Every structure is written in C-alpha cells, then in structure tokens.
Amino acid sequence: MPLHWAMTQSNLGDALHQLGERESDIARLEEAVAAYRAALSERTRERVPLDWAATQNNLGNALHTLGARERGTARLEEAVAAYRAALSERTRERLPLDWAKIQYNLGKALQTLGERESSTIRLEEAAIAYRAALSEKTRERFPFEWALIHHCLGTALQSLGERESGTARLEEAVAAYRAALTETTREREPVGWASSTVGLSVGQMRLAERTRDLQTAQTACSQIELALATARASGDAQLVAFCSAQLHHAQAIVKRLT
C-alpha cells in the first residue's frame with residue numbers, strides 16, 4: 001500500500017530529524033531529507049494535497065537544520081522552496097494555525113539565509129513571514145508562541161537595522177523585543193527572558209550609538225549585565241558567551257560616548 005509506505009517514510013524522516021538535531025554529524029539529517037523526499041513520491045499534491053503539504057513543511061525543517069550547519073545557501077534555498085510549497089495547500093483559509101506555523105518556519109529559514117547574504121531582501125521577507133504568523137498566533141490565544149515570534153521578528157529587524165543608516169528598523173526591533181518580554185518574564189522563562197532582554201539591549205545600544213545618547217547606552221549596558229547574570233544562573237553556556245560578548249561591546253560604546 002503505497003500511501004502507508006509513504007506515511008512510514010515520513011515518520012522515519014521525523015525520527016531521523018530528531019536524531020540529527022542531537023548529533024554533530026549531518027548524516028542523520030541527510031537521511032531525513034531522503035526519507036521525506038521518498039514519502040513525497042507517493043504523497044503527491046494531486047492525491048493527498050494536505051499530507052503533501054505537511055511533508056513539504058517537515059522537509060523544509062530538515063533542510064533548514066542542515067543548511068544552518070553548512071556554509072553555503074543551497075539547502076536554505078531548498079528549505080524556503082519547501083515551505084512555500086506547503087503554504088500553497090495549507091492556506092490561511094483552510095488551516096489558519098498550520099498556515100501560521102509554516103509562516104514562522106519560513107521566516108526562520110529566510111532569516112538564516114538573509115544573514116549570509118549582503119542583500120536585505122531575505123531579511124525583509126523574514127519580517128513579513130513573522131508578521132503573517134502573528135496575525136493568527138495572537139497573544140490572547142497563544143501567548144508563549146506570540147512572544148517567541150516577536151523575539152524572532154526583533155532579531156530580523158535588528159539585522160536589517162544594522163545594515164541601514166536610519167533608526168526606524170532598530171526602533172521596530174526594540175518594540176518587538178519589548179512585546180516578547182511582556183509574556184516571557186524572568187520568573188516564568190529565565191533563559192527566554194535573558195535572550196530577549198539582551199536582544200532589546202543591543203537594539204537600544206545601536207540606537208544610542210547613532211544618536212549619541214549616553215543615558216540610553218548606560219541603561220542598555222545595565223540590562224545586559226542583568227541578562228548575563230540570569231544566563232549564568234541558568235547554566236546556558238551559549239547564552240552566557242553571547243551576553244558576555246555583547247556586554248564587552250556595550251561597555252566600549254558607553255566609554256566612547258562618555
């Protein structure tokens with residue numbers, strides 16, 4: 001029964017993807033991609049359009065994980081194409097929450113791609129995708145996911161703002177991080193809070209540097225120190241390293257502005 005075989009291939013892809021995320025080697029991720037592509041040979045758009053779209057989304061996830069570990073952009077481009085294919089069937093009208101989830105996944109892939117390119121087009125597309133996801137993943141219904149998407153939107157806007165001469169994008173990034181922090185509190189989600197706090201502070205620091213605003217720079221520096229202390233308490237080594245690097249940069253900006 002070909003469709004049952006395809007379902008098993010898809011399930012195999014899910015398991016391989018999860019394994020691959022935990023391993024440093026990319027072999028499992030490549031096997032996951034192969035399993036999803038095998039599933040798509042039977043789960044065609046014409047026969048089972050929604051299953052086809054779900055498998056395209058999962059294929060996109062595996063390709064994004066692979067692409068994030070590789071230097072080139074080919075896998076990331078393939079991930080974006082897979083997500084766009086999924087959106088052609090899992091539309092907002094049919095399945096609004098699935099549509100929003102895929103928009104979020106698309107935004108992450110576009111952002112990873114945009115950070116590797118000199119053009120800002122992919123970053124702008126990422127921001128559009130995140131905002132689309134927020135149209136369904138509202139604060140009232142999904143507060144945690146709403147906050148997470150706002151955090152990702154903030155990072156995309158901040159990357160855009162750092163490449164532009166004005167302050168509009170940086171101000172939008174700061175607003176997005178502030179929104180995330182209304183739900184991602186220090187008490188409930190200390191690691192998420194520290195991550196969004198340092199993102200907010202970096203945005204403020206960039207603005208302060210461009211407007212020569214010492215007071216804002218000092219406030220941002222203090223916030224990064226607090227985020228660093230929280231990261232250390234949580235034991236998240238990667239976040240500690242990021243906060244430490246940003247604190248060093250922030251202290252240098254404060255010194256220049258003093």
Side-chain angles (χ1 to χ4, degrees), residues 18-26 61 64-65 67-69 104-105 107-108 111-112 114-116 123 126 130 137 139 142-163 169-211 213-258:
Q18 289 181 34
L19 274 173
E21 286 182 321
R22 299 178 185 183
E23 298 174 353
S24 57
D25 188 76
I26 63 170
N61 290 340
H64 182 203
T65 305
R69 296 187 186 182
Y104 168 68
N105 292 340
K108 290 197 298 180
Q111 185 173 347
T112 305
E115 286 169 353
R116 296 184 182 182
L123 291 172
Y130 289 138
K137 295 284 186 177
R139 183 179 184 181
F142 307 98
F144 176 76
E145 291 174 67
W146 177 87
L148 176 61
I149 298 168
H150 266 100
H151 174 89
C152 293
L153 175 60
T155 62
L157 290 167
Q158 193 150 283
S159 293
L160 273 170
E162 288 173 355
R163 298 184 188 188
R169 296 290 196 175
L170 291 174
E171 288 166 357
E172 289 177 46
V174 165
Y177 284 125
R178 285 194 192 283
L181 287 166
T182 61
E183 291 293 340
T184 309
T185 64
R186 191 178 186 186
E187 295 71 29
R188 285 187 290 184
E189 296 283 342
V191 171
W193 177 87
S195 182
S196 289
T197 295
V198 75
L200 167 66
S201 303
V202 170
Q204 291 175 320
M205 190 65 65
R206 299 281 187 270
L207 282 169
E209 190 174 22
R210 291 184 186 182
T211 59
D213 183 345
L214 175 60
Q215 185 175 356
T216 296
Q218 289 172 328
T219 300
C221 196
S222 297
Q223 289 174 333
I224 296 174
E225 288 175 342
L226 191 56
L228 176 58
T230 304
R232 282 175 173 156
S234 73
D236 190 317
Q238 187 174 358
L239 184 58
V240 167
F242 179 70
C243 291
S244 297
Q246 294 305 320
L247 179 59
H248 179 75
H249 184 58
Q251 288 169 336
I253 291 174
V254 168
K255 187 175 181 180
R256 286 201 300 271
L257 293 176
T258 302

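Hydrogens, waters and symmetry mates are skipped; everything else that's a heavy atom, side chains included, is used. Keep in mind the model is a prediction, meaning the values are calculated, not measured.
Every residue two or more places apart in sequence or in another chain that forms a side chain to side chain contact (heavy atoms under 4.5 Å, CB included) with Ile26 is listed here: Glu30, Leu66, Arg69, Glu70. With sequence neighbours left out, Gln111 forms a side chain to side chain contact (heavy atoms under 4.5 Å, CB included) with Glu115, Leu123, Ala126, Tyr130, Thr155, Ala156. By the ring pair (Phe, Tyr, Trp, His ring centres under 6.0 Å) test, His64 is found to be paired with no residue, residues two or more places apart in sequence or in another chain being considered. With sequence neighbours excluded, the residues satisfying side chain to side chain contact (heavy atoms under 4.5 Å, CB included) with Ala217 are Met205, Ala208, Val254, Leu257. The side chain to side chain contact (heavy atoms under 4.5 Å, CB included) test applied to Gln18 returns no partner, not counting sequence neighbours.
Screening residues 214-227 for side chain to side chain donor-acceptor pair (under 3.5 Å) gives Ser201-Gln223, Asp213-Thr216 as the qualifying pairs, with residues at least two apart or on separate chains. Listed by first and then second residue, the salt bridge (Lys or Arg N to Asp or Glu O under 4.0 Å) pairs that reach into residues 238-252 come to none, sequence neighbours excluded. Judged as a ring-ring contact (aromatic ring centres under 6.0 Å, His included), the pairs with a partner in residues 169-189 (not counting sequence neighbours) are, in order, His151-Tyr177. The side chain to side chain donor-acceptor pair (under 3.5 Å) pairs that include a residue from residues 234-255 are Arg206-His249, where partners are two or more places apart or lie in different chains.
Residues Cys243 and Leu228 approach most closely at CB-CD1, 3.7 Å, considering heavy atoms. Taking every heavy atom of both residues into account, Val174 and Gly203 meet most closely at CG2-C, 3.9 Å. Nearest heavy atoms, Leu170 versus Glu162: CD2-N, 4.2 Å. Taking both residues in full, the closest heavy atoms of Gly114 and Arg163 are given as O-NH2, 2.9 Å, listed atom of the first, atom of the second, then distance. Smallest separation of non-hydrogen atoms from Ala250 and Cys221: CB-SG, 4.2 Å.
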Show which side-chain atoms of residues 180-192 pair as donor or acceptor with protein atoms under 3.5 Å away, not counting sequence neighbours.
residue	atom	partner	partner atom	Å
Thr182	OG1	Ala179	O	2.5
Glu183	OE1	Arg188	NH2	3.4
Glu183	OE2	Arg139	NE	2.7
Glu183	OE2	Arg139	NH2	3.1
Thr184	OG1	Ala180	O	3.2
Thr185	OG1	Arg188	N	3.3
Thr185	OG1	Arg188	NE	3.4
Arg186	NE	Thr230	OG1	3.2
Arg186	NH2	Thr230	OG1	3.1
Arg188	NH2	Glu183	O	2.8

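A distance of 11.5 Å separates CG in Leu200 from OG in Ser195, rounded to the nearest 0.5 Å.
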Trace of the side-chain contact (heavy atoms from CB on, under 4.5 Å) decision for Phe142 with Ile149: CA-CA 11 Å; Phe142 307 98; Ile149 298 168; over 6 Å; no
